[in-house]
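What's counted below: heavy atoms across the whole structure, side chains too, no hydrogens, waters or symmetry copies.
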Amino acid sequence: MELKTQTTTRRALLRGAASLSLAATAGCVGDLRNVVGRDQSDRVSLRVKTLPTDSDPHAIHVARRLTNALEAVGAEVELLPMVEEELYRDVLINHQFDLYVAPFHGERDPDFLRPLFHSRYASERGWQNPFGYSDLELDDLLERQRRTAGDTRRSIVADAQTAVAEAQPCTVVAFADEILAARDDRFAGWRHVRPTRSLAYLAVRSVDGAGEAGEADGQSTLTALLRDKRPTRNLNPIAVEHRRRGTVTGLLYDALGTWYGGDVEPWLAADWRWDVHDDGGQHATIPLREARWHDGEPVTAGDVAFTYRFLSDTSLGRADSPVPTERFRGEASLVEGVSAIDERTVGIAFGETTKAVARRALTVPILPEHVWSERTGSASVAGVEVDEGTTTALVTDNLEAVGSGPFEVREVETDRRVVLTAAAEHFSESIGGSLGTVVGAVPYDRLVFRPLPSDEVAVETLAAGDADVVASSLGPGAVPQVGYADAVNLIVKPSRTFYHVGYNTRRAPLSNPRFRRAVARLIDKGAVVDDVFDGYSRPTASPVADRDWIAPALEWSGEDPVLPFAGENGELDVESARQEFVDAGYSYHDGGLYAR
Amino acid sequence: MIPVQLGDVPVGLLAVLLQVVAICGAMLAAAALLVVGPRRLVRTGREVPDRLRAVAPSLVLLGAVLLVNKVARDYGPGVSWTIGWNVTGIIFGIEGTFVAWVQSLATPPLTAYFSFAYVYGYVFLLVFPLIAYLSLSDPDPLRRTAVAYALNYAIGLACYVVFVSYGPRNLIPDLVDPLLYSNYPTSRLLTQEVNRNTNVFPSLHTSLSVTVALLARETRDRYPLWTPIAVALAASIVIATVYLGIHWGIDVLAGIALAVGSVRGARALVDQNAPGERPAWLDALVARFG
């Protein structure tokens with residue numbers, strides 16, 4: 001044993017000496033440096049982060065197809081499933097990722113593209129430019145669409161979509177349909193307002209002759225099932241890693257207005273008056289309805305003014321640089337100034353922004369100043385300050401939420417349930433207007449949200465009559481099961497939620513748009529829609545869902561109009577896919593993809 | 001029709017629990033009559049307090065570990081995501097599509113059998129040795145069992161904190177079916193009460209089953225009938241963890257290693273006959289817990 005070691009060492013020494021003398025005698029120390037001084041070429045090695053099957057029915061499937069294709073073209077790939085809050089913490093807060101696959105909840109007004117792709121948000125946390133993408137021309141388009149209207153805006157929005165589709169800071173795959181289920185024996189009306197929206201819980205009607213009987217304590221309960229435990233651990237409306245669509249927190253907090261029937265309708269605002277000031281700035285004067293926080297304090301114009309200031313800097317000037325909120329950032333960024341005109345009237349200045357865009361800002365949750373102004377300090381763990389850029393407000397679990405919404409928190413049991421009760425005398429009982437036609441007095445006393453571990457269990461619970469509705473979208477696998485269950489109705493609605501592959505453009509090789517384009521061509525969106533979503537989705541090349549706004553050049557026409565799949569019928573043409581990478585300046589050695 | 005809350009247990013879970021108690025209770029009763037025998041059971045009934053006293057320290061150790069385990073289940077995942085190492089991709093990189101190959105042999109009767117073994121067989125396999133060994137006048141087998149269980153849980157828990165890993169059904173759902181959960185959805189309510197989906201490396205189902213089988217082999221002269229039952233059932237459960245798409249093959253290997261280690265450790269800790277063969281710190285531990 002020892003002998004062997006000795007010989008190898010000696011041989012290595014000899015070899016070293018030989019090469020040294022060779023180099024020296026040849027007089028080519030310069031050449032040696034030329035050769036050895038070069039870095040080894042880099043094998044392309046990527047990690048793909050996504051949600052596991054238990055958290056999301058689609059993301060892992062899309063990610064699997066992507067990683068398989070990346071491996072086929074010679075990249076080293078590792079696929080990492082992560083639970084929601086951890087994935088979003090890595091991707092949205094710490095920007096620790098190469099690629100990720102996740103859903104994004106798009107919005108009706110295309111102004112949602114601005115925070116998503118504008119370079120000024122690249123360093124911020126939350127769903128604002130997690131890709132770290134920057135393109136001055138795109139920035140300019142995103143700013144101009146905010147100031148224009150009509151066909152001008154339409155064409156600017158189309159140009160912005162095209163710029164995104166060409167440069168691929170993310171690859172948009174498909175809009176997923178929402179697959180929901182509800183019983184119809186106790187409450188009706190789920191079809192009108194879908195149960196993923198907070199508004200639905202105010203819009204349902206009690207079915208005559210059902211309900212009250214059999215309630216043990218004379219309290220009637222509506223039970224909604226979630227596929228997500230996070231609301232039982234955190235009810236902070238501005239903590240991005242804990243919210244999906246904010247269905248639960250949306251019931252606890254009121255916004256000035258809420259989307260209904262294609263427009264933002266007054267909610268906490270009794271009304272609003274828009275005018276354009278002499279300097280060209282858009283301005284809204286908003287009288288508030290009479291409302292109280294759940295702790296009994298009145299909701300004032302001061303709270304509203306506070307909320308907008310707070311959302312743009314949750315440290316309220318205490319930190320060296322502003323610490324903006326992680327959710328509602330795009331909405332809050334539209335507001336230039338806000339003032340309390342009197343106790344119950346607010347004035348909001350939007351600067352050079354059209355009314356159509358500015359109304360988005362009215363949909364953020366209004367927070368009580370007397371609660372959140374205490375949360376502006378730097379976050380600390382066991383008394384140790386962790387990070388200047390993180391305020392207590394962003395990390396508080398807020399399980400004892402004090403809102404002014406139609407429901408208040410009664411009880412939270414970790415991982416088991418969140419129990420809400422209807423708040424006394426909320427204005428939604430007699431709201432009037434077009435919302436008044438759907439919203440009325442809450443026809444039950446308690447609203448219970450229960451997280452369940454799988455779609456199958458959720459549907460079974462519903463079928464057994466132990467719950468009334470599912471409040472988060474199910475996977476397509478649940479559809480036949482819902483069909484078999486008695487008294488359970490299937491509700492399928494198209495949505496603006498798109499699954500996408502996000503690239504961290506801060507990191508090579510994903511910083512290279514040619515590389516990203518080559519990756520985008522590895523995904524057969526049509527096949528994904530057929531096989532992964534079982535047809536319950538629409539393939540897309542643009543993050544904009546609405547027909548009114550989609551760029552005509554990006555309309556789906558059987559294949560991706562910009563970056564068609566490098567293959568046919570779901571089968572990747574490896575040779576042509578590899579050629580894409582070669583054309584982008586990458587090379588192959590022994591079948592492996594190298595950055596040079 | 002609101003969910004009736006019985007104590008803290010939601011109605012769906014309660015039904016599953018009652019079913020497990022009923023079926024495993026029947027299996028335990030039958031096995032006790034068959035393996036232990038009525039005469040020995042009656043005598044044990046009289047001597048239970050004395051025998052429990054004799055093994056009390058081991059049982060207390062097991063109880064303490066289970067208690068820590070229960071608390072850690074709530075806080076472990078958070079700690080684990082902070083300091084842990086996500087090895088899901090590495091495991092898949094090493095073993096590839098082994099689980100999918102196992103599942104390619106699936107038939108409905110096999111699925112029913114392995115699901116039964118995984119849920120009911122497992123509970124039965126873990127509880128029965130406690131009854132059987134309590135019926136022996138020699139307290140050592142019961143001590144070893146309790147200590148071996150405790151070691152399994154303690155080491156398993158430590159691994160769960162260090163390694164974050166999802167099972168095959170969560171990583172490669174395109175290749176692996178969640179056979180247990182698609183055929184018996186409500187079993188999910190039970191498994192989520194006792195475990196998290198990121199705790200798959202090592203497989204505690206495997207390690208505890210193999211532990212029972214190894215201990216059964218040691219006591220084959222006293223319970224000759226139990227040894228083949230335990231070995232067959234343990235083998236079924238080990239296969240089931242992979243067959244049902246819950247664990248990776250590597251989790252199973254790690255589970256077997258953990259079982260062998262735990263049984264050896266338990267023997268060293270409990271075996272009073274050979275105090276000279278163990279290190280001093282073990283002697284001290286034995287003096288305290290043995």
Donor-acceptor pair, [X] side chain versus [Y] backbone, under 3.5 Å?
X        : Y        : answer
B:Trp85  : B:Ser165 : no
A:Asp56  : A:His58  : yes
B:Gln192 : A:Pro453 : no
A:Thr53  : B:Arg169 : yes

Under 4.5 Å from a heavy atom of chain B, the part of [X] involved:
X        : answer
A:Leu51  : neither
A:Asp468 : neither
A:Lys49  : neither
A:Val83  : both

Please state whether the rings of A:Tyr100 and A:Phe97 are parallel, tilted or perpendicular, taking 30° and 60° as the class boundaries.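 Geometry flag for A:Phe97 against A:Tyr100: perpendicular rings.
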Chain A contact via B:Leu175 - which portion, at a heavy-atom distance below 4.5 Å: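 Contact with chain A involves the side chain of B:Leu175 alone.
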A:Lys229 vs A:Asp54, salt bridge (Lys or Arg N to Asp or Glu O under 4.0 Å): CA-CA, chis, key distance, verdict: CA-CA 11 Å; A:Lys229 285 179 178 174; A:Asp54 283 349; over 6 Å; no
Relative to chain A, which of B:Val164, B:Thr186, B:Thr198 shows the most heavy atom pairs under 4.5 Å?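 Most heavy-atom pairs under 4.5 Å with chain A: B:Thr186.
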As an exercise: rank B:Thr88, B:Ile172, B:Leu171, B:Leu189 by heavy-atom pairs under 4.5 Å with chain A and give me the winner.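 Winner by heavy-atom pair count: B:Leu171.
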Between A:Glu456, A:Glu78, A:Arg64, A:Arg65, which has the largest tally of heavy atom pairs under 4.5 Å with chain B?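 Counting heavy-atom pairs under 4.5 Å, the top option is A:Arg64.
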